[in-house]
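Working notes for the structure below.
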Amino acid sequence: MTDATHAQRPACDPATVLDARFNRAIEAVCGRAADPQVRASGNPKFGDYQVNAAMSLAKERGTNPRALADEILKATDLAGIAAKCEVAGPGFINVTLEPAFVAARLGELSVSPTLGIPPAADPHAVVIDLCGVNVAKQMHVGHLRATIIGDSLARVFERLGRKVWRENHLGDWGLPIAMTLARLVREKADFARLTLDDLNAAYRGAQKETSTADLDAAYEFRCGPHRIAELELQYEPARAAMEHAKRTLVRLQSGDAEIVRLWERLIEVTMEQVYEAARTLNVKVGPENNRGESFYRDRLAGVVEAFAKSGLAKSDKGAMVVPFADRERPLLIQKSDGGFLYATTDLAAVRFRTYELDGSLVVYVVDARQRDHFKDVFDAARLIGWNTTKDGAESTLVHLGFGAVLGADKKPLKTRSGENFTLKDLLDEACERGTAEVMRRAADATSPTHGLPEAELRAIGAAVGIAAVKYADLSGDLTKDYVFDLDRMVAFEGDTGPYLQYAHARIASILAKSGEGADAISSAPLSLAEPAEKALALHLLRYAQMTLDVGRSLETNRVGLYLRTLAELFNAFYQACPVLKADDAATRLSRLRLCAISRTVLADGLSLYGIVAPERM
RNA sequence: GCCCCGGUAGCUCAGUUGGAUAGAGCACGCGCCUUCUAAGCGCGUGGUCGGCGGUUCGAAUCCGCCCCGGGGCGCCA
């Protein structure tokens, strides 16, 4: 997203070297610098890399593209880098790299603690709004995406060396919470023993008991006085409940010690499920990430004041709105009764995140339906100049609107009995399926997991089930809806999380059986004589660029694509090149080192998804 | 009505940001475990990339207009 990030290029990536060399040659030939357009070749018959700039440059200069490609190629110093270069097709320059050059770069990668990722150029923080639970409500499948996508992006930015804030913007404030609280008080609930189910029931009960929909409709359609009087009598309890809720809200807002204590208990009970889900999902979200709506309550009046003072907000039908030049719909920041709205809270949060948290990138991982809302909030923030860090650097505000999770019938996911699928149900089932599969395989006497303690098998099974769920979610286009089909995800065949874990376990197994020490392996000379070895090595060298690309684009699916390709290339290598039974000791050690690097990169890549890579499965 | 997001193989989806003959996985057909984990590998069948036009050396990708599906549109969050 930032130029600084974009400019970073991994030193061990051959594309970086080729880019520099061809850049120099193009400048010599054409008299000016231009992007050489270095790309990895899609087809092995076109070599390892292709340089595509000659065609567009020739068009610009009105010359023959193949002749220009020839000229550029002649001017490029590739001694020790390329084994073969040729001009092909309309003017592609196809480059086949020298295996020794690739091996040298891979050696650099293997001793890099960051796997070749250059240090972050932007010293500001990245702020990620994730999870987004509501107090007194059960977590459902929508929270799955907000949580694991946000956590994965956080992990990517941590890998890139950025300071990351995971912000759990909980819905812990406002009338609905007060209504729930009021009802629990009236019911004389035992707050010490409250469960989430109790809260949920109270929340729903409160919504229902205060509903005056029929009466409101009667007013709206100007029903006769008889009908109105009848309904008013009927809705007397609803009014009373709402009055109580409002009194409770006032006490909460004014800091009434007793009410605040009960309110905190509500949050505690709600968040316990979040922490449990986070543990199951291997997601780094805990109490330290809680910064809910209530945190911003004392800043809301200031937000409205700031917009009013700068002339950006105006009064409209008694409410305060921020109008926009390019659209009809204004942003409502204060109700006619003086109350604030979620847009007000979000504006306060934007300012806190850019200024106080010093974020030059603030990512909101919130479902796609809120696109318009965030467009308005971000535009308003830009109008008033809140998209800047403490030292005045520009902040990028991004809404990463993810698609819905659908059932097999393409409708929002429901259980068989037609109820909402809670996140817990879903994760429990995934873990069960994973465990069943691991147990089944462990029963086979020839399996590497045969005879392991049950607790260990269960841990592997849970890791496998969760990997299936997370991979299915993160490896697709985040903005699209996707069909949640446990049967398919937990099939563990093909393009799945367990497929990657399996590749990792195979590598770990080879290394364990080799009998070689880590030092002997990590210091072995690399030779990449076989095509499968070289192809694997080339892909390993692209890890750093892939990670940078994800940081720039926020497309987590690039990680999945990279890892799937890595696993495929490893499997091809595994099939074509014996490691433990290699022809000679030097080849054996070289291949072991290739295995070790593959394993490190695969495990690191899986860690970007927060997927655990077991040694055996 | 206005705005936003999608449409790629029978199904579920990729497609390295405009590159060479559009790829996987399921499913279907065939082959590979006396060799490091067969949750694997190889081969085959399967396509008007929603439609029409445009931009250019080159389009699934960019632009315009349609068709179909989904979502959102002031005092809830």
remark   = Picking from B:rG6, B:rA39, B:rG19, the nucleotide nearest the side-chain atoms of A:Val438 would be B:rA39
Integer-rounded Å distance: B:rA39 P and A:Tyr574 OH = 10 Å
request  = Please state whether the phosphate of B:rG23, meaning OP1 or OP2, lies under 4.0 angstrom from any side-chain nitrogen or oxygen of A:Asn43.
outcome  = no
key: Side-chain N,O (A:Arg506) to OP1/OP2 (B:rA38) below 4.0 Å   = yes
query = Parallel, tilted or perpendicular: which fits the ring planes of A:Tyr562 and A:His539, with parallel below 30° and perpendicular above 60°?
reply = parallel
Distance-only donor-acceptor test, A:Arg558 side-chain atoms vs B:rU17 base atoms, 3.5 Å = yes
query = If you look at every strand shown and take non-hydrogen atoms under 4.0 Å, does A:Met617 touch a base, only sugar-phosphate, or nothing?
reply = base
message = Assuming nearest nucleotide by heavy-atom distance, tell me which of A:Asp549 and A:Gln37 is located more 5' along RNA chain B.
response = A:Asp549
note = The residue, A:Asn94 or A:Thr449, whose nearest nucleotide of RNA chain B is more 5′ is A:Asn94
query = Do A:Met320 and A:Leu332 touch side chain to side chain, with heavy atoms closer than 4.5 Å?
reply = no
ask   = Closest approach of A:Ala404 and A:Asp481, non-hydrogen atoms and distance?
value = N-OD1, 2.7 Å
query = So among A:His169, A:Glu293, A:His373, which one has a side chain to side chain donor-acceptor pair (under 3.5 Å) with A:Tyr342?
reply = A:His373
Side chain to side chain, A:Arg506 and A:Tyr502, heavy atoms closer than 4.5 Å = yes
message = Whole angstroms only, please: what is the CG-P distance between A:Leu57 and B:rG19?
response = 16 Å
message = Under 4.0 Å, heavy atoms only, any strand: does A:Ala88 hit a base, just the sugar-phosphate, or nothing?
response = base
query = Is the CZ atom of A:Arg564 crowded by more than 12 outside heavy atoms at less than 6.0 Å?
reply = yes
request  = Using the P atom on both, measure B:rA39 against B:rA20 and round to a whole Å.
outcome  = 35 Å
ask   = CD of A:Glu493 versus P of B:rA38: gap in Å, rounded?
value = 14 Å
query = What nucleotide, of B:rA14, B:rC36, B:rA24, holds the atom closest to the side chain of A:Val579?
reply = B:rC36
query = Please give, in whole Å, the distance from B:rC26 P to A:Tyr499 OH?
reply = 10 Å
message = In whole Å, measure the gap between the P atoms of B:rG53 and B:rG47 for me.
response = 22 Å
Short side-chain N/O contact from A:Lys45 to OP1 or OP2 of B:rU21, under 4.0 Å = no
task = Figure out the CG/P separation between A:Leu602 and B:rA39, and round it to whole Å.
result = 17 Å
inquiry  = Measuring only the P atom in each nucleotide, how far is B:rA9 from B:rG50? A whole number of Å is fine.
reply    = 8 Å
ask   = Among B:rA14, B:rA39, B:rU17, which nucleotide sits nearest the side chain of A:Glu555?
value = B:rU17
task = Pick base, sugar-phosphate or nothing for A:Glu615, based on heavy-atom distances below 4.0 Å to the nucleic acid.
result = base
query = Do A:Tyr574 and A:Ile507 touch side chain to side chain, with heavy atoms closer than 4.5 Å?
reply = no
request  = Whole angstrom is fine here: how far is it from CD in A:Gln501 over to P in B:rU37?
outcome  = 17 Å
key: Lys/Arg-Asp/Glu bridge criterion (N-O < 4.0 Å) met for A:Lys470, A:Asp473   = no
request  = Using the C1' atom on both, measure B:rG64 against B:rA59 and round to a whole Å.
outcome  = 15 Å
ask   = What about A:Arg564, does its side chain sit under 3.5 Å from the base of B:rA24 through a donor-acceptor pair?
value = no
inquiry  = Going by the glycosidic torsion and a 90 degree boundary from 0, is the base of B:rU17 oriented syn or anti?
reply    = syn
query = What is the nucleic acid contact for A:Asp376, judged by heavy atoms within less than 4.0 Å: base, sugar-phosphate only, or nothing?
reply = nothing
task = Examine the side chains of A:Tyr499 and A:Asn571 and answer whether a donor and an acceptor come within less than 3.5 Å of each other.
result = yes
ask   = Are there more than 12 heavy atoms of other residues, nucleotides or ligands under 6.0 Å from atom CZ of A:Arg327?
value = yes
Nucleotide N/O of nucleotides 30-35 of chain B paired with protein N/O under 3.5 Å:
unit_1	atom_1	unit_2	atom_2	d
B:rU35	O2'	A:Lys581	NZ	3.3

ask   = Between B:rA38, B:rC36, B:rA14, which nucleotide gets closest to the side-chain atoms of A:Leu580?
value = B:rC36
query = So do A:Phe570 and A:Leu536 actually touch side chain to side chain, heavy atoms under 4.5 Å?
reply = yes
inquiry  = Can you confirm whether A:Gln37 sits close enough to A:Gln50 that some side-chain heavy atom of one is under 4.5 Å from a side-chain heavy atom of the other?
reply    = no
ask   = Counting only side-chain N and O atoms of A:Ser447, is one of them less than 4.0 Å from OP1 or OP2 of B:rU37?
value = no
query = Going by 5.5 Å between centroids and 30° between planes, is there a stack of A:Phe46 over B:rA20?
reply = yes
Pairwise C1' distance, B:rC41 and B:rG51 [rounded to whole Å] = 41 Å
ask   = What integer number of Å spans the C1' atoms of B:rC2 and B:rG58?
value = 37 Å
ask   = Heavy-atom count around A:Asp583 CG within 6.0 Å, excluding the residue itself: above 12?
value = no
remark   = Letter by letter from the 5' end, nucleotides 67-77 of chain B scores (B base, S sugar-phosphate only, - none; protein heavy atoms under 4.0 Å) ----SS-BBSB
ask   = Pairs counted as Watson-Crick or G-U wobble with both distances under 3.5 Å: what dot-bracket string results for RNA chain B, using | for bases tied to another strand?
value = (((((((..((((.....[...)))).(((((.......))))).....(((((..]....))))))))))))....
ask   = Base, sugar-phosphate, or nothing: which does A:Lys513 touch, judged by heavy atoms less than 4.0 Å apart?
value = sugar-phosphate
inquiry  = Is it the case that the base of B:rU12 and the side chain of A:Lys480 share a donor-acceptor contact (distance under 3.5 Å, atom types as modelled)?
reply    = no
query = What is the distance from CG of A:Leu500 to C1' of B:rG25, rounded to the nearest Å?
reply = 13 Å
request  = Apply the side chain to side chain contact (heavy atoms under 4.5 Å, CB included) test between A:Leu580 and each candidate in A:Arg591, A:Glu516, A:Lys513; give the one that qualifies.
outcome  = A:Lys513
ask   = Would you say A:Arg327 reaches B:rC3's phosphate, i.e. side-chain N/O to OP1/OP2 under 4.0 Å?
value = no
query = Within a strict 4.5 Å, meaning less than it, do heavy atoms of the A:Val95 and A:Cys85 side chains meet?
reply = yes
task = Would you mind classifying the nucleic acid contact of A:Pro65 as base, sugar-phosphate or nothing, using non-hydrogen atoms under 4.0 angstrom?
result = nothing
task = Can you tell me, in whole Å, how much space there is between the C1' of B:rC73 and that of B:rU12?
result = 32 Å
ask   = Rounded to the Å, how far apart are A:Asn571 CG and B:rA38 C1'?
value = 11 Å
request  = Write down the atom of A:Pro65, the atom of A:Ala58, and the distance for their closest heavy-atom approach.
outcome  = CA-CB, 3.4 Å
task = Using the C1' atoms only, state how far B:rA24 lies from B:rC33, rounded to an integer number of Å.
result = 25 Å
